[in-house]
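Working notes, beginning with the structure itself.
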Amino acid sequence: MKELDFEKTEKPSIIRSLFLPDCALQGSEFPIHLIWDKERSINIDINIPFSLVKLKEIYNVDEKDLKIEKDVIHITDFESNGYVGFVFASGIYNEDFVEVPIKIEIKDDKGNKQIIERKIIFFRPHIVLHEAPTDVELIQEEDQISMNKKICLKNEGKGAALVYFKISEESNVIIKKPEEIEEFIEKFCSRFSDKLNDVKKTYPQYLEILNGFETFIIDLVKGTFTISKEYIEEMMEILNKLEKAFEENEEFLKDVADSILSAYLSAVHILTEIRSFFEYLKSLAENKVIILNAMSIIEFKPGLNLLKGRLLIQDLAGNIYEPIEIQTNVKVKSKKPIKIPVYDLFKWMV
Amino acid sequence: MVDVLGAILSKEYKECATPTLMKILEKGSKIIDKLKGDFSIEGQELTFLCPENCEKWSIVFLSKKGLLGGKQSFSVPSVRRVSVSSIIPLKDVTSKCVNVLPQGGFEIYYKNLESNVPYLLEVEFDIEKPMFIDNLVYRKVQEDTLQEYRRYWMEAQLRFVDVFEKWFSNIRFKDLDFNVCVSTYEDVRTVIPASFKRELEVVVKWMSETDRERKSRLSMEHLRLLRARRGGGEIKHGKSILELLQKLQDIFLPKTFQTFIKVERDFYYHDCIRGADYYAAPFPTWPKFMTVITRTNLDLDKPAAEGFLDFNYQNFKSKIEELFRSFL
């Protein structure tokens, strides 16, 4: 990849400063602004492909002074001279690395002209299934468990990916959290609900918000949440309402925070620093991939097992990508059930 | 009607913000009008103190003639703080001149004010609407970076300007907060030696193993790894994994982590905290991200700000490598 030019602010004859980002995550908003001397009358043309980006907001411009034709935004005057701001949003493209050209043309009333041409890089994660074995053997010899083939994946994009392996109901395997984590979750959730019930009694006006928040926290801790647009929107709405309630009532904020802290402190002794660091390392795969349920344990029974599920993928801006379907037959060569962590199923290629 | 492709224009934010701005203006005007009777007004400014979600009126006044004592009452709601200082000489005279009323508003006693001395009155009010600042200012930070650069851009811009210019002679937005989510997970992952990962794996298995025989085998395996770590020599009481992990935790403390951060242009560093990931369960886990709080200011001469946060990941990685070198 060619060297990026980080110099954003230009100080040529007309524009005093210009902000134009050089890169952004696909599917996210990106701003542009221009500042010039207030005494100088100018008009601006911004040429940007609307097939690739969406214009979301324009600041300091009245409708009558704005014209949009094909891929060009013409601005002939400003509500207050000297500044204009824009918010655009990129799409999510077929390619994981896309360069979008932008041309800004500024003319002043004295006939001076300035042209700025740049490119913005839009990137995203791109998880590719390289090898999906249809049959896998899981062998236990004494304490050693080995798997003859792994599911090979690679993040071919430049963006970070959050990955969650959701096992389908058609599978005949059991997925659960490690015992310590299960114990932590149980203790945390029970203490949290008890404490939150007291808060609900004290603040009945926030009952609906607290019920939503309780579901959210328990879903999060138990891992029963789903990466879906609807779920994220619903939870964001609850959190926004809660934030407003916190701003209205500081005591309420303290009581809710206390219920989480107290639940956490009552359960934290169950987990150890070493265990926690081990989990942390195992959740990190190659090329900016974070596996959200890396330490969950899958239990296979002796004989033939159907492992069917999907990898749910999200980026750091909350964009959701097409899940990857996984289906494989796992033959267990052991007299007892074999338990392996989720991270052991996959091989992440560099 | 111009086709603006469904874009939102300033007028929509103005409609939303105008009623609150009107109230803010009324409060300031009320104070200024009352002061005008006894003083000449030399300057005024409205500042939004963004993290505190409050507005501050700063008014410079000078007495017109000798003051004969008495007091002036200002019945304005939601007063958070009032102060009066003489400018020449610079001296806080609040305790002598100001009385904040329990029922709301405040009084200024004139008897302790001197003639021909410029004074600065500062009055802070709570902003009633929690999301009000967001109606006035657009803020954005880059969510993810290209791995090669680890530079995050930050940007702030006023959603409109003309109303501010028309209603307020001076207006400032101070300390607008930005949370930059700096990813650290790749750097930690790539510098942890494989031998340490293996040792950790054995220790974790040992902790959860209940079968005596298997536990004993894991103990032997752990001893073998310890010997290998110490070059086959005798095992001494060296640094434990726990001690190493505690030192590693220290790298994520703000005073250490901030040494890897550089904030440029119109923004400045304020603080950093361990990243709270909405998708990560609230276990005592290790930070995959650090949230760096940066700030900027806006005013009518600078209606938009830009800045960059550079994460010096090479130094961050070197620091971790150094730790492991001292351990292994």
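Each chain gets a letter, A, B and so on, in the order its sequence line appears, and its residues count up from 1. It should be emphasised that the depicted structure is a prediction, and the values quoted were computed from it without experimental measurement.
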Heavy atoms only: give me the nearest K288(A)-T145(B) pair and the separation to one decimal.
NZ-O, 2.8 Å
Could you tell me which residues in residues 76-85 of chain A have at least one non-hydrogen atom under 4.5 Å from a non-hydrogen atom of chain B, sorted by residue number?
E79(A), S80(A), Y83(A), G85(A)
Classify the ring geometry of F19(A) against F308(B): parallel below 30°, tilted from 30° to 60°, perpendicular beyond 60°.
tilted
Which bit of E201(B) is near chain A, if near means a heavy-atom gap under 4.5 Å: side chain, backbone, both or neither?
both
Which heavy atom of R189(B) sits nearest to which heavy atom of N287(A), and what is that distance?
NH2-N, 4.0 Å
Taking atom NE2 of H33(A) and atom CD of E306(B), what is their separation to the nearest 0.5 Å?
5.0 Å
Name the region of E29(A), side chain, backbone, both or neither, that has any atom closer than 4.5 Å to a heavy atom of chain B.
both
Taking the side chain as every heavy atom from C-beta outward, state whether Y280(A) and V188(B) have any atom pair closer than 4.5 Å.
yes
Assess the residue pair I32(A) and E155(B) against the criterion (side chain to side chain contact (heavy atoms under 4.5 Å, CB included)); give the C-alpha distance rounded to whole Å, side-chain angles, the decisive distance to 0.1 Å, and a yes or no.
CA-CA 9 Å; I32(A) 294 178; E155(B) 202 258 9; over 6 Å; no
Taking the side chain as everything from C-beta on, heavy atoms only, tell me whether I58(A) gets closer than 4.5 Å to I8(B).
no
As an exercise, state the distance from CZ of F278(A) to CG of L245(B), rounded to the nearest 0.5 Å.
12.5 Å
Within 6.0 Å of NZ in K56(A), more than 12 heavy atoms from elsewhere:
no
Between the side chain of D144(B) and the main-chain N/O of A160(A), is any donor-acceptor distance below 3.5 Å?
yes
Given I192(B) and L281(A), is the side chain to side chain contact (heavy atoms under 4.5 Å, CB included) satisfied, shown in steps?
CA-CA 9 Å; I192(B) 305 287; L281(A) 286 181; 3.8 Å; yes
Go through Y185(B), F160(B), F164(B) and name the one with the most non-hydrogen pairs under 4.5 angstrom from chain A.
Y185(B)
Tell me, side chain or backbone of K166(B) under 4.5 Å from chain A's heavy atoms, or both, or neither?
neither
Evaluate the criterion side chain to side chain contact (heavy atoms under 4.5 Å, CB included) for residue pair L9(B) and E63(A); output intermediate values, then yes/no.
CA-CA 8 Å; L9(B) 301 177; E63(A) 232 174 330; 3.6 Å; yes
E186(B) portion near chain A, given a 4.5 angstrom heavy-atom threshold:
side chain
Per-residue contact mode, E69(A) against chain B (heavy atom under 4.5 angstrom)
neither
Any side-chain heavy atom of S10(B) sitting closer than 4.5 Å to one from V61(A)?
no
Does the side chain of Q157(B) come within less than 4.5 Å of V87(A)'s, by heavy atoms?
yes
Just by modelled atom types, is the Y59(A) backbone N or O under 3.5 Å from a matching donor or acceptor in the R159(B) side chain?
no
Quick one: are Q142(B) and P21(A) in side-chain contact, heavy atoms under 4.5 Å?
no
Find out whether K38(A) and D301(B) are in side-chain contact, i.e. whether some heavy atom of one side chain is under 4.5 Å from a heavy atom of the other.
yes
Run the side chain to side chain contact (heavy atoms under 4.5 Å, CB included) check on Y149(B) and D22(A) step by step: do they pass?
CA-CA 11 Å; Y149(B) 300 103; D22(A) 48 38; over 6 Å; no
Tell me which of these, E12(B), Q246(B), E165(B), has more heavy-atom pairs under 4.5 Å with chain A than the rest.
E165(B)
Using a cut-off of 6.0 Å, state whether more than 12 heavy atoms not belonging to K262(B) lie near its atom NZ.
no
Please flag which part of L284(A) lies under 4.5 Å from any non-hydrogen atom of chain B: side chain, backbone, both or neither.
both
Which bit of F123(A) is near chain B, if near means a heavy-atom gap under 4.5 Å: side chain, backbone, both or neither?
side chain
How long is the straight-line distance from CD of E247(A) back to NZ of K129(B), given to the nearest 0.5 Å?
13.0 Å
I'd like to know if the side chain of W153(B) and the backbone of L20(A) have a donor-acceptor N/O pair within less than 3.5 Å.
no
